[in-house]
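Data block below; observations after.
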Number of protein chains: 2
Amino acid sequence: MELLKQPSIEEAEEVLNRGISKKHAIIISAKCTARYSGRAESFLPTGDRIIFIKPDTTILLHQISGSQPVNWMPGETIHSIHRTEKNLVLNSVRGGEKLSIELQQIHFINSMKLEDTEILQSQGSEKDMAEMIYKNPLLIEKGFKPFSMEEQTKYGFIDVFGNDAKGNLLIIECKRYNADLGAVTQLRRYVEKIKKDKGVENVRGIIAAPKISPNAHKMLHDWGFDFRKVDPPKFFEEKKKKQSKLDNF
Amino acid sequence: MELLKQPSIEEAEEVLNRGISKKHAIIISAKCTARYSGRAESFLPTGDRIIFIKPDTTILLHQISGSQPVNWMPGETIHSIHRTEKNLVLNSVRGGEKLSIELQQIHFINSMKLEDTEILQSQGSEKDMAEMIYKNPLLIEKGFKPFSMEEQTKYGFIDVFGNDAKGNLLIIECKRYNADLGAVTQLRRYVEKIKKDKGVENVRGIIAAPKISPNAHKMLHDWGFDFRKVDPPKFFEEKKKKQSKLDNF
DNA sequence: GGGGAGAGATGCCGC
DNA sequence: GCGGCATTTCTCCCC
């Protein structure tokens with residue numbers, strides 16, 4: 001691990017070059033400017049920021065607020081270090097894209113080998129929600145018999161597909177949070193595709209979500225579709241437990 | 001600035017508490033585990049990671065690859081430090097969400113005041129593209145007369161709105177990259193809304209984008225809409241210059 | 001504060 | 001590789 005406080009340009013240059021070639025994780029706190037050119041064009045005037053170069057060549061430039069980086073480059077990027085008269089410049093190139101960070105004052109630089117082979121174990125995605133409905137069709141309505149999940153069509157894939165009590169085809173589009181206009185047009189697209197492909201007319205559409213925006217609900221109704229309030233699995237699990245505990249009093 | 005290499009639990013706890021209360025930017029490199037509960041549930045087993053706590057209370061946990069954090073909490077989060085028998089635990093709570101990071105070995109911790117009042121100056125967004133078309137209607141077709149931009153409707157806002165040479169209403173939906181099925185359904189929504197609101201039938205729709213997916217193009221055609229190849233401004237500016245330079249030979 | 005949509009979105013999966 | 005789409009999306013803008 002190399003960790004330098006207020007390094008000279010020469011020291012920082014060496015640490016950077018060595019760290020990049022060794023696939024270290026490199027963190028720099030510095031006063032800098034940044035220019036980006038590629039999918040758009042941008043310039044960020046002088047300020048204190050955090051720069052993070054990952055072993056996979058990803059580079060992130062973070063300002064002191066917000067969860068998104070202000071500038072970045074994803075993997076497969078080539079970094080190079082240059083010197084101006086007074087400063088150090090970090091150029092990162094990838095295809096037609098280029099990020100150029102000019103370091104004007106380096107507060108600290110750290111370069112070190114990090115070990116991590118784990119991946120995130122996650123639950124509660126939209127797919128989990130579809131699975132929950134598939135296994136508990138009563139969440140939609142009595143008599144609903146789902147027969148497929150993630151059904152592929154050229155116009156997108158259907159979350160849950162089945163028959164209702166009267167034998168109509170029934171398409172469920174799940175949203176784990178608020179259903180919006182996009183969710184309704186998505187459902188509409190699937191219903192029309194299935195009607196056309198199977199040459200049938202009795203195809204119903206349902207949006208399953210914890211809530212739906214007023215305009216989306218209106219459009220849903222205009223198109224003869226329905227809404228079912230369904231909470232995604234694991235959503236605010238702790239909060240719900242607490243709430244039901246309170247409800248018992 | 002406080003910068004400690006391999007700090008003891010006690011030292012790290014002090015730096016963390018002091019840094020959070022002083023609204024410092026805090027960076028930790030550590031072996032850790034992470035649990036998240038809220039909009040989903042997740043667990044991340046032991047590994048070396050980078051933790052970044054911003055002055056606005058945003059917290060990011062980054063693994064050594066990928067441009068996205070593996071766990072995070074946006075602003076308005078309350079952080080607190082606790083001790084287990086052997087380790088330090090950083091709890092971050094916001095509404096019904098909770099992120100808990102257990103620090104098992106701290107490689108370094110840095111806490112410092114950062115100064116930054118600048119915001120990114122950016123060009124080449126979809127709005128810039130709409131503006132370009134508004135000013136150069138020939139990019140769409142001869143006789144196109146745009147009369148409004150960002151027109152608000154309850155079902156979304158229209159990028160560019162105008163009349164064609166024959167006096168039909170013409171709605172343009174811009175996409176700065178590949179137009180997909182969503183872009184077509186979006187356009188369709190606007191056209192239907194305008195037809196209904198104005199009680200007219202002669203409303204045309206056009207997607208302006210550098211390219212469009214085959215399925216989207218088919219759906220566009222099925223609905224009687226058109227596609228115009230338009231490159232967004234500033235997109236790969238450097239690359240294009242180079243290309244046109246090559247073309248001259 | 002909610003709705004609607006873009007983003008230099010990124011990431012995942014299926015064909 | 002492209003297509004289609006979810007994301008603990010985040011962020012911005014307008015009502």
Side-chain angles (χ1 to χ4, degrees), chain A residues 36-42 58 65-75 94-99 120 122-130 150 152-159 173-183 186 189-190 211-217 232 234-236, chain B residues 36-42 58 61 65-75 94-99 120 122-130 150-159 173-183 186 189-190 211-217 232 234-236:
Chain A
Y36 167 77
S37 173
R39 284 175 276 181
E41 304 256 322
S42 74
T58 298
S65 70
S67 44
Q68 297 304 119
V70 64
N71 283 116
W72 71 94
M73 295 282 270
R94 178 187 190 256
E97 296 179 277
K98 179 177 176 181
L99 175 61
L120 189 71
S122 189
Q123 293 173 72
S125 67
E126 191 181 282
K127 202 182 160 190
D128 292 325
M129 189 174 169
E150 309 277 309
Q152 300 285 334
T153 80
K154 275 204 171 180
Y155 282 1
F157 62 86
I158 295 168
D159 288 336
E173 174 59 33
C174 302
K175 291 294 163 198
R176 54 193 308 290
Y177 194 50
N178 200 14
D180 59 11
L181 292 170
Q186 205 179 338
R189 207 197 301 152
Y190 301 152
K211 59 176 185 162
I212 185 166
S213 76
N215 284 328
H217 201 138
K234 300 286 174 186
F235 193 86
F236 285 165
Chain B
Y36 167 78
S37 173
R39 285 176 276 181
E41 304 257 321
S42 74
T58 298
L61 175 62
S65 69
S67 42
Q68 297 305 119
V70 63
N71 282 117
W72 71 94
M73 296 282 271
R94 177 189 192 253
E97 295 180 278
K98 179 177 177 182
L99 175 60
L120 189 71
S122 190
Q123 293 174 71
S125 67
E126 192 182 282
K127 202 183 161 189
D128 292 325
M129 189 175 169
E150 308 276 311
E151 172 98 359
Q152 299 286 333
T153 80
K154 275 204 170 180
Y155 283 2
F157 62 87
I158 296 168
D159 288 336
E173 173 59 31
C174 301
K175 290 295 162 195
R176 52 192 309 290
Y177 194 50
N178 201 13
D180 60 10
L181 292 169
Q186 205 178 337
R189 208 196 302 151
Y190 302 151
K211 59 177 186 162
I212 185 166
S213 76
N215 284 328
H217 201 137
K234 302 285 174 186
F235 193 86
F236 285 166

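Each chain gets a letter, A, B and so on, in the order its sequence line appears, and its residues count up from 1.
- In this structure, A:Arg39 contributes its side chain and B:Arg176 its backbone to no donor-acceptor pair below 3.5 Å.
- In this structure, A:Ala179 and A:Val70 both approach DNA chain C, and ranking their closest nucleotides by distance from the 5' end singles out A:Ala179.
- Applying the 4.0 Å criterion to OP1 and OP2 of C:dA9, one finds that B:Ser67 has every side-chain N and O outside that range.
- Separating the CD atom of B:Gln123 from the P atom of C:dG8 is a distance of 12 Å, rounded to the nearest angstrom.
- Here the side chains of A:Ser213 and A:Asn178 are in contact, with some heavy-atom distance below 4.5 Å.
- Listed pair B:Arg176 / C:dG8 fails the phosphate criterion, with no side-chain N or O lying under 4.0 Å from OP1 or OP2.
- Nearest to the side-chain atoms of B:Pro74 among the listed nucleotides D:dC10, D:dT7, C:dT10 stands D:dC10.
- Here the CG-OG distance, from B:Asn71 to A:Ser122, works out to 8.5 Å after rounding to the nearest 0.5 Å.
- Among the atoms of the strands shown, only primed sugar atoms or phosphate atoms (P, OP1, OP2) are found under 4.0 Å from some heavy atom of B:Gly66.
- Of the side-chain N and O atoms in A:Asn178, none sit less than 4.0 angstrom from OP1 or OP2 of C:dG2.
- Listed pair A:Arg39 / C:dG6 fails the phosphate criterion, with no side-chain N or O lying under 4.0 Å from OP1 or OP2.
- Here the P atom of nucleotide D:dT8 and the CG atom of B:Leu61 are 14 Å apart, to the nearest Å.
- Contact between the side-chain N/O atoms of A:Tyr177 and the OP1/OP2 oxygens of C:dG3 is not found at any separation under 4.0 Å.
- Using a 4.0 Å heavy-atom distance criterion, B:Lys175 is classed as a sugar-phosphate-only contact.
- To the nearest angstrom, P of C:dA7 lies 16 Å from CG of A:Asn71.
- When the C1' atom is used for both C:dT10 and C:dG6, the distance is 14 Å, rounded to whole Å.
- Looking at heavy-atom distances under 4.0 Å, A:Glu173 makes contact with sugar-phosphate atoms alone, never a base.
- Here B:Ser42 does not reach the OP1 or OP2 of D:dT8: none of its side-chain N or O atoms lies under 4.0 Å away.
- For A:Tyr36, no side-chain nitrogen or oxygen approaches OP1 or OP2 of C:dA9 to under 4.0 Å.
- Comparing C:dG8 with C:dG4, their P atoms are spaced 23 Å from each other, to the whole Å.
- A sub-4.0 Å separation between OP1 or OP2 of C:dA9 and a side-chain N or O of B:Gln68 is absent.
- Just one residue in the list A:Gln186, A:Lys211, A:Met129 forms a side chain to side chain contact (heavy atoms under 4.5 Å, CB included) with A:Lys175, and that residue is A:Gln186.
- Residue B:Gln186 places at least one side-chain N or O closer than 4.0 Å to OP1 or OP2 of C:dG6.
- The phosphate of D:dG4 (OP1 or OP2) has a side-chain N or O of B:Ser213 nearer than 4.0 angstrom.
- Straight-line distance between the P atoms of D:dT8 and D:dG4: roughly 23 Å, to the nearest whole Å.
- Across the protein-nucleic acid pair, A:Met129 atom CE and D:dA6 atom P stand 12 Å apart, rounded to whole Å.
- At the heavy-atom level, A:Glu150 lies nowhere under 4.0 Å from the strands shown.
- At C:dG4, none of the side-chain N or O atoms of B:Arg189 fall inside 4.0 Å of OP1 or OP2 (strictly under the cut-off).
- The partner of D:dG4 is C:dC12, by the rule that a Watson-Crick or G-U pair needs both atom distances under 3.5 Å.
- A close approach under 4.0 Å does not occur between any side-chain nitrogen or oxygen of A:Trp72 and OP1 or OP2 of C:dA9.
- Each of A:Ser122 and A:Gly156 was matched to the nucleotide of DNA chain D holding its nearest heavy atom; the match closer to the 5' end belongs to A:Gly156.
- Here the P atom of nucleotide D:dC5 and the CG atom of A:Asp180 are 14 Å apart, to the nearest Å.
- Between the CG atom of B:Leu120 and the C1' atom of C:dA9 there is a distance of 14 Å, given to the nearest Å.
- Minimum heavy-atom separation, B:Cys174 to B:Ala130: SG-CA, 3.9 Å.
- Between A:Glu126 and A:Glu173 there is a side-chain heavy-atom pair separated by less than 4.5 Å.
- Each of B:Pro214 and A:Lys127 lies near DNA chain D, and the nucleotide nearest B:Pro214 is the one positioned closer to the 5' end.
- Of the two residues near DNA chain C, B:Cys174 and A:Lys211, the one whose nearest nucleotide lies more 5' is A:Lys211.
- A straight line from CD1 of A:Ile212 to C1' of C:dG2 spans 15 Å, rounded to a whole angstrom.
- Atom-to-atom distance recorded for A:Glu150:CD and A:Asp159:CG is 6.0 Å, nearest 0.5 angstrom.
- In this structure, A:Asp128 atom CG and C:dC12 atom C1' are separated by 14 Å, rounded to whole Å.
- Rounding to the nearest 0.5 angstrom, the gap separating the CD atom in B:Glu41 from the OH atom in B:Tyr36 is 8.5 Å.
- Nucleic acid contact for B:Met73: none, since no nucleic acid atom lies under 4.0 Å from a heavy atom of the residue.
- Note on A:Lys98: nothing from the nucleic acid sits closer than 4.0 angstrom, heavy atoms only.
- As judged by a 4.0 angstrom heavy-atom cut-off over every strand, B:Asn215 is placed among residues touching the sugar-phosphate backbone only.
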